[in-house]
Structures are given as structure tokens and as C-alpha cells.
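Working notes for the structure below.
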Number of protein chains: 2
Amino acid sequence: MNYTIKQLSDLAGVSGRTLRFYDKINLLKPESINTSGYRIYGPKQVDRLQQILFFRELKFSLKEISDILSADDFNRVDALTEQRKKLIAEKKRLDQLIATIEKTLASQKGETVMSDQEKFVGFKKKMLDQNEQKYGKEIREKYGEETVKKSNQQFANISKEDYEKTVMIQNEMFENLREALSLNDPESSCAQKAADLHRQWLSFFWPKGTYSKKAHAGLAQMYVDDPRFTKYYENNVAKGAAEMLRDAIQIYTAKP
Amino acid sequence: MNYTIKQLSDLAGVSGRTLRFYDKINLLKPESINTSGYRIYGPKQVDRLQQILFFRELKFSLKEISDILSADDFNRVDALTEQRKKLIAEKKRLDQLIATIEKTLASQKGETVMSDQEKFVGFKKKMLDQNEQKYGKEIREKYGEETVKKSNQQFANISKEDYEKTVMIQNEMFENLREALSLNDPESSCAQKAADLHRQWLSFFWPKGTYSKKAHAGLAQMYVDDPRFTKYYENNVAKGAAEMLRDAIQIYTAKP
DNA sequence: CTTGAGGTTGACGCTGCGTCAAGGTGTAAA
DNA sequence: TTTACACCTTGACGCAGCGTCAACCTCAAG
């Protein structure tokens, strides 16, 4: 079946202008031009347009779509499968948004109280996904699945640019902590390095101006006292890691 | 709780530039400006930003959002409830898109065949909704629920601008047909008007160049022979409507 | 007192079209 | 054949919603 520009635009629910624009930028060329200069679209163009709209739905730029479709290794079935996954994820995000609305309604009626973070739950998820796409792979390779997962949970409260940094800092801290444990010396340079990294790491989560050596040392003690934190460090570093970190931080914060 | 621009942008998952832009266009003004010219946002601004993002999610323009939020009769609870409904509808649309992908995959594997219309199901729905919002109410009032419903089904294949027209033409045809039935005269001016309106109506559904008086008359006969069509006209006009229309069209197409 | 992160105001750039304008073409009815 | 009207064409300009500099100011921690 062949279509003129209006027939195809009606079929697909896009404007004629859009099709002409896609022609101009070489995203979707008509199959042929008839003797009066009319664009004629064939079955291949119909399918390509469908593909384009799927990608557009997923917020790809037209440049990106163009690149993807003209890539040597482009595989239609794979692309569709991937797009389906993304759409399902998008549905999930909408569910979060709906939940956020319902929470907001409840808090509006005075039934509940809502934190400012909660107010933006469905929105921030979008960013996280973008971040994952851009940096996720590299970070995953460098630091392993688990770390990424855990950081993602905390990430809900911090910024885009800071995401990478916290992950890297934390892992560097873990490494230093492991070395310190093997030396069993909280005064060792690696232990002190760990304490310093921990301070840096904290700066991402504590409001500005709230840091003090006292608070830092206090938190370190809490890591030992609160079994949730103790376990977290045990799982990520080794047994006794929380204690080692506390000792290191106490020495670190005692210094001028 | 008060926020600086970065704190709020991190909280909500938008860029600082966006917040400055919203300030400039008077969509979201900070609560105050401190002595160094910094924008300071308070709880009210947080809630307003949340509202803005909800509307933005639903593809409202910033101008529209601005108007809605500053309207005298703006009611937060109503707005949220409405937004929830829209989000649920959007989820449904995504379901359609996912179904379209699955159909496409099946047809790709050669398991099924897919019509060109089917290929764009989830996309077109968007347009239909817009149309409904713009014109649905007036048309409904004028022509009743049932007609709108039936036309919507057929609309899947025709264009945006043509939607209204077909509905109006069809109804005008029905009226003329009713009058012709009461006169019981297929040669009456109202019967001939009905036949003419039917031809106009057809032009929306038949591919261009396929109309001929012969085909028109043939279709009219089919309306009588095929019980599905006969019933359709019986339900929408009266008993014997299909026959009356056939007779009128036969006379109409016999004229020069 | 330095340093670095975060704040400010312009101003220009980009994407993805919408929207004229000024014309040529195709087809149904007169 | 001509008229009418919907549809086609190529420019060209406009617009929203920011991203992205540049050039400068300010604040907290070491």
C-alpha cells in the first residue's frame, strides 16, 4: 500500500509538517517522488515511521533515532524488545506518580504528613534512569553490582552530579579500611585516609554548615552502637570494619 | 524548611536553570531574596513546584500551568484528582503501545499479519483524546452520547479535522431520513438530501477516486442485504431506514 | 587568605516542529 | 470545459523550554 503525505500523517497521527521535516533531516525519506513532486510513502516507510515513533515515545532525540536506525548492528526485534521493557518501566514510574498524588491528597486532608522528598518521588526516578544509562555501565564494571544498588537507594536524596562521586569515594574508603584492618592500626595512613574519605562522603549527605569534628566522631561511635550500621560495614568491608572506622575517625577528629 | 536553588533543584530533580527560568516567567517566584541576591524557596514554593511538575508531566505548556495555578477557582484537591485520572489514562495508552509492540514482534516473526492501522494504535489514541477535549463536549450536547461513541470507533481510520464533519453529516442525514420515512417518499427533497449527505459522508471513508454512482448505488443495496447495516440504521433512525436510504440513493444516482 | 562549590545576571543556541505565504495539482460536479 | 476545493509543494519565520557558555560575586572550611 502506498500513501501520500496526508494519508500517512492521518494513519500515524502525526502532522504533514512533521513528515516533511523528517524528510528534510533525512530521518524518513519517501519511497519516491511522483511526477508532480508529491511524496509517496511505501510499506518500508510505514514500518520505519512506526519505529521512529516508538523511539520518540521514549524521549530519544531525532538525532539519536537517526543514528540508531542507521547503525550497522540495528536489529528490529531487539529494539522492540528493549522498547517494551522501557515502556513497562515508564508505567511503573507513572504508578509512583499516582502514589505520590494520593499521598499528597491524604496530606492535604491532614491525614498524614509528607516529607519534601516524598513530594517528588515519581519525578526524580526519571533522572536516575538517565544517570543509569549514561554512567551505570562504567560504574558497574568498576565497582560491582552491589555497590551500585545500595547507592541507588541513597541517591533518592542527592543530586545527579554527586551520584558518581559518592560511589567512588565510598569504595575508596572501603579499600583503605580493608587495608587498615589487615594492619590492625587505626593510626596507619590508610586508616586516616579512610576517615578523611568518610568525612568527604558525609559532606554529600549532611546539610551544609552542620559538619563538626564532634559530630563526626559521634557518628562514628554510632556506627559501632547501631547494629544496622555495623552489619552494613561488615558486609561491605569485613568484620570489625565499623570499629576500625570509629577508631580511625576518633584519631582523625582529635588532630588539629 | 528553606532551600537554596541547588537544594531545591536536587530535591525535585530539575535543573537550576529551570528554576531561574520559572522565576523569570513568573511561574515560580522564590519566597525571598537574601542579602547576597540568593533565591530562597520556602514550603509554599515546594508545593507549587510539585504542582507545576504534575501539570508538566501531563504535557501542559508553562503558560497553561501559569494560568491554571493563578485562576481564582483553582482547587488543589480537584486538580490532583484530575491529574490522577489523566495519569491512569496515560498508563492505559502505554498498555496499548506495549500491545502494539508485541503484535509487531509477532508479525515480524511471521506469526501474524498486521494492518497499517494497527501499527499506530497507541500513538493515535493521543490525538483522539485531544479531539475529545476540544470538541467532545459540544458535539456530545448536540448529537448525543451514542453517536459520538460509534463515530469514535470509525475515527480510528480517519483524520482529526474530518472527525467532526462526519459526525455532523451523518446526523443530518439521519434527520432527513426520518423525515423521508414519515413522508414515505424516496423522491422527496429530504430523502434526496439524505442521499446526498450519504455521498458526502462516504467521501471520508472511501479512498479518493473510487467514488462512482454505480458503487454508491451498490453500497445502498448492500445496506438492505446485510443485516448488520440494516440493524444499524434501524437503531439510529427507524425501521425501514435502510430501505428508504437505498431507494433514495438509487433515484439520486440515476439523476445526471 | 586561599580554594572550591555554589550563587548571580545576561546572551546566544538548540530541538522539533507550528504557521503563514505563494503557488502548483487532482478530482467531482456543473 | 470550467469551477471549486482539497491537497501537494518549497521557503521562511516563530516559538517553547530550556542547555550552555561567560563574567562575576559569596560563603564555609582548611
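Numbered from 1 within each chain, the chains take letters A, B, ... in sequence-line order. What you see is a predicted model; the values in this text were computed from it and never measured.
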In whole angstrom, give the distance that lies between atom CD1 of A:Ile5 and atom C1' of D:dT9.
9 Å
To the nearest angstrom, the CD-P distance between B:Gln192 and C:dA29 comes to 14 Å
Rounded to whole Å, please give me the gap between CG in A:Leu49 and P in C:dC17.
11 Å
List the protein contact pattern of nucleotides 13-26 of chain D with one symbol per nucleotide (5' to 3'): B for base contact, S for sugar-phosphate-only contact, - for none; contact means a heavy-atom distance under 4.0 Å.
----BBBB-----B
Among B:Ile25, B:Ile5, B:Leu28, which one satisfies side-chain contact (heavy atoms from CB on, under 4.5 Å) with B:Arg20?
B:Ile5
Given atom CD1 of A:Ile33 and atom C1' of C:dG24, what is their separation to the nearest angstrom?
15 Å
Using a strict threshold of under 4.0 Å (side-chain N to carboxylate O), is an ion pair present between B:Glu64 and B:Lys59?
no
Tell me, do A:Leu97 and B:Phe54 make a side-chain contact under 4.5 Å, heavy atoms counted?
yes
Taking only Lys NZ, Arg NE, NH1 and NH2, and the carboxylate oxygens of Asp or Glu, determine whether A:Glu57 and B:Arg93 approach each other closer than 4.0 Å.
yes
Go through the side-chain N and O atoms of B:Asn2 and B:Tyr41 and say whether any donor and acceptor fall under 3.5 Å apart.
no
Can you find a pair of side-chain heavy atoms, one from A:Arg56 and one from A:Val14, that are under 4.5 Å apart?
yes
Kindly assign one of parallel, tilted or perpendicular to the pair B:Phe74 and B:Phe55, based on the angle between their ring planes and the thresholds 30° and 60°.
tilted
Separation of atom CG in A:Asn34 from atom P in D:dC8, rounded to whole Å
11 Å
What verdict does the side chain to side chain contact (heavy atoms under 4.5 Å, CB included) test give for A:Leu27 and A:Lys63, after you've listed the backbone C-alpha separation in whole Å, the side-chain angles of each residue and the deciding distance to 0.1 Å?
CA-CA 8 Å; A:Leu27 177 56; A:Lys63 175 85 177 75; over 6 Å; no
Here the distance between atom P of D:dC8 and atom NZ of A:Lys24, to the nearest Å, is 17 Å
Any heavy-atom pair between the side chains of B:Glu90 and B:Leu58 that's under 4.5 Å?
no
Contacts under 3.5 Å, N or O only, protein and nucleotides 1-4 of chain C:
none

Please give, in whole Å, the distance from C:dG16 C1' to A:Leu19 CG?
13 Å
Rounding to a whole Å, what distance do you find between B:Arg20:CZ and C:dG10:P?
12 Å
Are any of A:Arg39's side-chain N or O atoms less than 4.0 Å away from OP1 or OP2 of D:dT9?
yes
